[in-house]
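Quick caveat, the model's predicted, so the values are computed rather than measured. In the text below, chain A, chain B and the rest are named by the order of the sequence lines, each starting its count at 1.
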Amino acid sequence: MTDDSPETGFRFRRQDRLRSTQEFQRVYDRRRSASDAWLIVYGCENGRPYSRLGVSVSRKYGSGVRRNRLRRLYREAFRLMRPQLPTGLDLILIPRSPEEPTLRQVQESLVVLAGRVARKLARDATSP
RNA sequence: CAAGUCGGCCGGACGGUCGCUGCCCGUGGGCGCGUCGGUGUCAUGCCGGCUGGCGUCCCGGGGAGAGGAAAGUCCGGGCUCCACAGGACACGGUGGUGGGUAACGCCCACCGUCCGCGAGGACCGGGAUAGUGCAACAGAAAGCAUACCGCCCGAAGUCGGGUCGGUGAGGCCCGAUUUUGGGUAAGGGUGAAAAGGUGGGGGGACUUCGGUCCCUUAAUGUAAGAGCCCACCAGCAGCCGGGUGACCGGCUGGCUCGGCAAACCCCACCGGGAGCAAGGCCAAGUAAGGGAGGAGGGCUGGUCCGGCCCGCUGUGAACUCCCGGGUAGGCCGCUGGACCACACGGGCAACCGUGCGGCUAGAUAAAUGACCGUCCCCAGGACCGAUCCUGGGACAGAACCCGGCUUACAGGCCGACUCGCGGA
RNA sequence: GCGGGUGUAGCUCAGUGGUAGAGCACCACGUUGCCAACGUGGGUGUCGUGGGUUCAAUCCCCAUCACCCGCU
């Protein structure tokens, strides 16, 4: 099986994304999140040796082009920041404001917020 | 040169690094499966062949990858399914004429009305009798062109004045007013609109001031005053001519009330319904249940007829509703088409025909991207200028596919034409 | 993809081819030493936007914008 092999390098393929309602619902039901001015990040352990990404951008953040732009920024930030992110998590990114951030801002926010979510999850594991 | 009208086109360019999704290629690799042969074991196996089998993932290489509106979903089709789709009503849509087209509410040409000095632009059926209805306020009247006010003539009454008479009764005249009969052809401030509009209807003599006669003119009447008369324009009807047609032109004639159907409606034509979540296949998996209604039920949305399908005296079916339970994975449809470019021919044009060449996205928590550099364009600043610095580069993202319409849009390019000014 | 609805005063809503209303809120005055309550008076308006039909449009027609809802 090569599907579960941890990806090295800056790849971002289809199996690295959350793709079904059940997967999204599992992350939301875990109820662990962190946020700043740009992003809301939900997280949940996925039992795999790598992390996966889900993106949720609703219509209130603008037209189709604007929402596509946000999704692409999030995917690009996840792709480039993967070595600095915790592994074995499913992450969902939700925009916090309809303003369009720069790629650099998303990268910094993602690393900080993902680390915060990982610590919350670890605390749950040690003292349930 | 300046102002403007119409039509068409583009919608950042190049390079580098890191990525995403299909497609094609490979004696590349992993896993799973089929089949044939060989071999081995008690058994699971192992090796090789099958265009180097099939599927899937990875690796390497090649090539492709958002729009003119992909948008709004306002129309029209293709395609797919439905128990063939027939008729009547209802409902909805369209509306100058002739073409184009698969079709259209679209496009082209022409007709008419209105706007513009002009190039050009905007709009659209009929109801000069099929019917019903509406028109606030104002106004005499807004369907009876008739009534009303007013004006004129007459009659009667009342009052006042004058006069005759005897300062009487009463009569006559004048004026005001009321009622009434008749005439009416000035006028009635209004209003969006009141039986179309504009202009004209001469001169002389006599006169008892009513008129008579003469001349002239296209052209006068009443007791009085006129849309009465005449001319032209508009409109209408008839005839003639032109045009496939909408319609246009000419001649003649009578003087000839409307507005709104984007109010109901009438007329002609069109419309079966649903939509790729259509529809088909595979895999997985729960229940094969409970309750209520039920002799009829269903076939796109309405009614009726016709047609078709299921069921029909039952342990209670078809079907409808409610409760309970399960799945929401994969494949096909899925991109090659009323397609695009060029040339020639036909047509005023929309468009059509022929030839040659080309292949141009197929995603599905949904790809088509991110960053950097150089150049281009715009704005601001420094500067005489070359140049430099800063900021910005629109509207917007395919979801079965086409033809249109509408709406949004930084900046730019091309062509044709019109008006004005200047010069030769 | 298909279908439906709404937009009127600061707010919640009426309305109809003829110069647009109700309640609450608001403002001014009166009352009070002051406030509230009360009384009197008053408007609050490009009827979402732009065209068209009509003598006249919030109403009818077309386009457009924003919002809401339903089915699959």
Pick the [atom1] atom in [N] and in [M], then give their distance to the nearest Å.
N: B:rA192; M: B:rU132; atom1: C1'; value: 25 Å
N: B:rA109; M: B:rC79; atom1: C1'; value: 35 Å
N: B:rC402; M: B:rA338; atom1: C1'; value: 8 Å
N: B:rA328; M: B:rU364; atom1: C1'; value: 14 Å
N: C:rC11; M: B:rG126; atom1: P; value: 47 Å
N: B:rG139; M: B:rG187; atom1: C1'; value: 15 Å
N: B:rG112; M: B:rG235; atom1: P; value: 13 Å
N: C:rC60; M: B:rU73; atom1: P; value: 23 Å

Syn or anti for [N], please, going by whether the chi angle lies within 90° of 0.
N: B:rA328; value: anti
N: B:rU360; value: syn
N: C:rG43; value: anti
N: B:rU335; value: syn
N: B:rG227; value: syn

Separation of [X] atom [atom1] from [N] atom [atom2], in whole Å?
X: A:F78; N: B:rG369; atom1: CZ; atom2: C1'; result: 17 Å
X: A:E100; N: B:rG369; atom1: CD; atom2: P; result: 14 Å
X: A:L80; N: B:rG369; atom1: CG; atom2: P; result: 16 Å
X: A:R59; N: B:rG397; atom1: CZ; atom2: P; result: 10 Å
X: A:E23; N: B:rA365; atom1: CD; atom2: P; result: 11 Å
X: A:Y28; N: B:rA365; atom1: OH; atom2: P; result: 15 Å
X: A:Y61; N: B:rA396; atom1: OH; atom2: P; result: 20 Å
X: A:R13; N: B:rG22; atom1: CZ; atom2: C1'; result: 15 Å

Would you find a donor on one side and an acceptor on the other, under 3.5 Å apart, between the side chain of A:S97 and the backbone of A:A37?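 No, because the side chain of A:S97 does not come within donor-acceptor range (under 3.5 Å) of the backbone of A:A37.
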Both distances below 3.5 Å, Watson-Crick or wobble geometry, any strand: find the nucleotide opposite [N].
N: B:rA71; value: B:rU406
N: B:rU315; value: none
N: B:rU5; value: B:rA416
N: B:rU97; value: B:rA109
N: B:rU212; value: B:rA205
N: B:rC42; value: none
N: B:rU35; value: B:rG49
N: C:rC26; value: C:rG42

Proximal nucleotide (of [options]) relative to the [X] side chain:
X: A:R79; options: B:rC20, B:rA365, B:rG369; result: B:rG369
X: A:E76; options: B:rG369, B:rC58, B:rC371; result: B:rG369
X: A:Q22; options: B:rC58, B:rG329, B:rC18; result: B:rG329

Flag the pair [X] / [Y] as yes when at least one side-chain heavy-atom distance between them is below 4.5 Å, and no otherwise.
X: A:I92; Y: A:V41; result: no
X: A:V112; Y: A:D36; result: no
X: A:R67; Y: A:R59; result: yes
X: A:R116; Y: A:L113; result: yes

Can you name the nearest heavy-atom pair linking A:R71 to A:V55, along with the distance?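 Reported closest heavy-atom pair: CG-CG1, 3.4 Å.
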Whether over 12 other heavy atoms sit under 6.0 Å from A:F78 CZ: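 Yes, because the 6.0 Å sphere around CZ of A:F78 holds more than 12 heavy atoms from other groups.
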Return the stacking result for B:rG19 and A:F12: yes when the ring centres lie under 5.5 Å apart and the planes under 30°, no otherwise.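 No; centroid distance or tilt outside limits.
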Test: A:E23 and A:R26 ion pair at under 4.0 Å: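 A:R26 and A:E23: not salt-bridged.
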Under 4.0 Å between a Lys/Arg side-chain N and an Asp/Glu carboxylate O for A:D16 and A:R82?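 A salt bridge links A:D16 with A:R82.
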Can you see if the side chain of A:R52 gets near the phosphate of B:rA365 - specifically, an N or O under 4.0 Å from OP1 or OP2? no
Hey, can you pull the residues of residues 62-75 of chain A with a non-hydrogen atom under 4.0 angstrom from RNA chain B? A:S63, A:G64, A:V65, A:N68, A:R69, A:R72, A:R75
To the nearest 0.5 angstrom, please state how far the CD1 atom of A:I94 sits from the CD1 atom of A:I40. 5.5 Å
